[in-house]
Amino acid sequence: MNAIARGCTKAVRTALPGPWRPWLVVREAALVLMMGGLAVLLEWAGNTGFAVPVGLGTMLLCLLRRAFPASVLVVTAAAAGWAPGPLPLLVLAGWVAGARVRRVGLLLATFAASWLLFTVTGVLKDAGSMSLKLIIGVSLGGFLLMAVLPALWGRYRAQRRALLDALRERNDQLVRERAMVVHQARLRERHRIAQDMHDSLGHQLALISVHSGALEVDRTLTDRQREAVGVLRQAAVAAMRELREVVGVLHDESTAVPPAPTGAGGTAPGRGGVDGIDGLVESSRAAGTVVSLSRDGERRPLAAAVDHAAYRIVQEALTNAHKHAPGAPIEVALRYEPDALVVEVTNPRAPEPVGVRAGAGQVVSGGQGLTGLRERARLVGGMVHAATTPDQGFRLAAVLPYEGAADGAGDGGAGIAGVDDWVLEGLPSGEEADGRRRSAALGCAVGVVVVGLTVLGLVIWGLWAFVRGTDDATVQTQVYDEVQVGRPEAEVLKLLPPGNGFFTDPYKGSGPPAPDGSDCRYFLSSDVNEKWSEDNVMRFCFKDGVLVDKEQYPAKN
């Protein structure tokens with residue numbers, strides 16, 4: 001029983017898809033009752049005797065139109081060709097099919113089958129009273145007006161709604177992406193601040209530590225002065241440790257790479273470039289370290305990012321040398337190669353410390369220096385190599401192209417504004433959105449024009465067929481007078497028009513009694529009756545190949 005109940009529930013949900021909000025239920029019920037009522041009224045007006053069954057069937061098809069739009073259209077078209085009741089539902093079914101059937105091939109096949117059934121049922125109903133060509137023309141024009149035009153309108157509305165929904169979703173996605181990218185830009189800025197703190201303050205604190213370490217072993221100082229210098233050294237070491245912790249916190253919240261500095265040319269404001277390397281060397285010399293600086297090759301202009309990267313690489317290399325090899329001589333070399341600037345900093349193993357207390361030479365390292373240098377070099381299209389030398393010293397070399405990264409990775413435009421421009425690349429512009437909307441409207445407009453022209457052609461053809469049919473069903477008065485009873489049937493038929501049952505079939509059996517066993521033909525008279533409710537009818541009766549009777553009389557139309 002549970003399986004049966006679940007099956008019934010699933011079938012109902014399939015046949016009547018939701019959502020079923022209260023106002024939707026009221027709207028659907030009103031629509032179903034209206035379609036059923038119109039079907040009953042049309043059937044009563046046509047005196048078909050099937051008003052109630054057609055009305056109930058129309059209500060059922062109206063309920064199922066949303067779940068099975070193609071099937072409902074086919075069934076409704078077949079019924080509308082036979083009875084007038086389902087004609088209003090045919091308009092609604094065409095609109096729903098155009099809006100809900102997504103595949104163009106299925107939609108075309110559905111409408112082709114619907115028109116074929118609509119025409120076949122019309123031929124079966126009106127066979128004998130109308131010519132086949134007229135029935136086909138009338139059914140085609142009626143189907144285009146009552147089913148195809150509503151389908152085009154429904155499809156346009158559905159495509160427009162889908163386009164607006166897609167643009168709305170795209171806009172929501174853009175807002176979310178912008179928020180994410182702005183957050184990433186902030187994290188990159190934090191990373192940049194951390195890197196600059198690491199490079200600048202770390203270098204200065206390393207120099208303070210080196211200065212204080214040199215004073216601490218100076219024999220000219222008293223014990224009290226050495227103790228004060230030791231306190232100063234410990235304070236510098238503690239400051240470096242706290243700096244590393246702050247830098248670590250800033251790095252932990254950002255996985256993005258630090259952006260390179262910006263600038264229209266030369267060095268970024270407030271920072272050193274290749275020209276500032278002399279100041280770094282002088283500062284290290286003032287701390288008591290032997291530092292040599294050499295430049296080889298013809299000096300070349302550098303991109304702003306490359307200039308700043310060279311400065312930071314030398315600064316970090318000197319800082320590491322002061323920390324890990326205090327007192328060792330340092331060699332700084334800048335070589336201008338044909339396609340790149342080579343920065344090289346080397347130092348031998350540190351000499352054995354003399355007179356330094358235990359723990360005074362403790363090195364504070366955050367592990368970010370070389371990583372940051374490699375990233376800086378990568379952003380400008382270069383590379384960094386760092387390794388120990390055979391004499392247990394250390395060598396750091398960087399190769400930096402003069403023009404920086406070709407793809408703009410080193411461009412400093414990594415701020416929020418630049419990110420927003422990147423996000424906007426994925427959003428359809430207003431012109432593209434309007435173009436899509438115009439495309440959907442243009443397709444439906446072309447369809448409306450084609451249908452309109454087809455209907456106009458059918459109307460013109462129908463008028464021509466009506467006029468021609470009237471001529472085929474009308475006999476001139478002089479022809480009637482010329483035809484005499486007793487003439488052979490073949491001669492009489494040559495004088496008479498071919499006839500048209502659409503105009504003359506309603507008058508069959510009317511007028512005076514026809515001779516027994518005769519076969520009568522009915523025509524309209526060229527003499528127009530003065531009464532609008534009557535037509536002048538001519539009747540020619542034949543028997544055994546001879547005209548046996550002719551009559552002209554008024555008959556109610």
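This structure is a prediction, so every number in the text was calculated from the model and none was measured.
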task = Check whether any side-chain N or O of Glu43 sits under 3.5 Å from a backbone N or O of Gly85 as a donor-acceptor pair, and report yes or no.
result = yes

remark   = Rounded to the nearest 0.5 Å, the CD atom of Glu551 sits from the OH atom of Tyr522 at a distance of 10.5 Å

In residues 87-109, what donor-acceptor pairs under 3.5 Å come from side-chain atoms, sequence neighbours left out?
residue	atom	partner	partner atom	Å
Arg102	NH1	Ala99	O	3.3

Without placing hydrogens or testing angles, list every side-chain donor-acceptor pair under 3.5 Å for residues 26-37, not counting sequence neighbours.
residue	atom	partner	partner atom	Å
Glu28	OE1	Arg65	NH2	3.2
Glu28	OE2	Arg65	NH1	2.5
Glu28	OE2	Arg65	NH2	3.4

key: Check: Tyr480 ring centroid to Phe540 ring centroid under 6.0 Å   = yes

request  = State, with a plain yes or no, whether a side-chain heavy atom of Val475 is found less than 4.5 Å away from one of Leu496.
outcome  = yes

ask   = Are Ser525 and Gln552 close enough that some pair of their side-chain heavy atoms sits under 4.5 Å apart?
value = yes

remark   = dist Trp115:CH2 -> Thr110:OG1 (nearest 0.5 Å) comes out at 15.5 Å

task = Please check if the side chain of Thr119 supplies one atom and the backbone of Ser139 the other of a donor-acceptor pair under 3.5 Å.
result = no

remark   = When every non-hydrogen atom of Ala39 is compared with those of Gly55, the smallest separation belongs to CB-CA, 4.1 Å

request  = Would you check if Leu524 and Asn536 make a side-chain contact, meaning some heavy-atom pair closer than 4.5 Å?
outcome  = no

query = Would Leu174 and Arg170 satisfy side-chain contact (heavy atoms from CB on, under 4.5 Å), going step by step from the backbone distance to the final call?
reply = CA-CA 6 Å; Leu174 171 64; Arg170 179 60 180 163; 5.5 Å; no

ask   = Stepwise, does the side-chain contact (heavy atoms from CB on, under 4.5 Å) test hold for Met59 with Leu63?
value = CA-CA 6 Å; Met59 294 173 65; Leu63 275 176; over 6 Å; no

query = Taking atom types as modelled and ignoring hydrogens, do the side chains of Thr477 and Ser526 form a donor-acceptor contact shorter than 3.5 angstrom?
reply = yes

query = So which heavy atom on Val306 is nearest to which on Pro401, and how close?
reply = CG2-O, 3.1 Å

ask   = So do the side chains of Leu547 and Val483 get within less than 4.5 Å of each other, counting heavy atoms only?
value = yes

query = With side chains defined as the heavy atoms from C-beta onward, is the minimum distance between Leu495 and Arg487 less than 4.5 Å?
reply = yes

inquiry  = Tell me whether Ser518 contacts the main-chain N or O of Pro515 through its side chain, where contact means a donor paired with an acceptor under 3.5 Å.
reply    = yes

query = Leu164 versus Arg160: any side-chain heavy-atom pair under 4.5 Å?
reply = yes

Verdict with reasoning, Gln173 to Glu169, per side-chain hydrogen bond (donor to acceptor under 3.5 Å, both in side chains) = CA-CA 6 Å; Gln173 181 182 0; Glu169 292 178 2; over 6 Å; no

request  = Nearest 0.5 Å please: distance from the CG atom of Leu145 over to the CG atom of Leu140.
outcome  = 9.5 Å

message = In the structure I gave you, are the side-chain heavy atoms of Arg539 and Pro512 within less than 4.5 Å of one another anywhere?
response = yes

ask   = How far does OH of Tyr507 sit from OH of Tyr553, to the nearest 0.5 angstrom?
value = 9.5 Å

query = Are the aromatic ring centres of Tyr156 and Trp153 under 6.0 angstrom apart?
reply = yes

inquiry  = Tell me whether Lys543 is salt-bridged to Asp549, with the criterion being a basic N under 4.0 Å from an acidic carboxylate O.
reply    = no

request  = Of all the heavy-atom pairs spanning Ala305 and Val380, show the shortest one and how long it is.
outcome  = CB-CG1, 3.6 Å

CG/Asp516: more than 12 non-hydrogen atoms of other groups inside 6.0 Å = no

note = Which of Leu73, Val148, Thr76 passes side chain to side chain contact (heavy atoms under 4.5 Å, CB included) with Ser114? Answer is Leu73

ask   = Using the ring of each side chain (for Trp, its six-membered ring), is Phe111 parallel, tilted or perpendicular to Phe143, with breaks at 30° and 60°?
value = perpendicular

note = d(Gln484 CD, Glu491 CD) to nearest 0.5 Å is 12.0 Å

Listed partners of Phe542 passing ring-ring contact (aromatic ring centres under 6.0 Å, His included), at least two apart = none

Pro86 vs Val54 side-chain heavy atoms within contact, under 4.5 Å = yes

key: OG1-CG distance between Thr58 and Leu42, expressed to the nearest 0.5 angstrom   = 9.0 Å

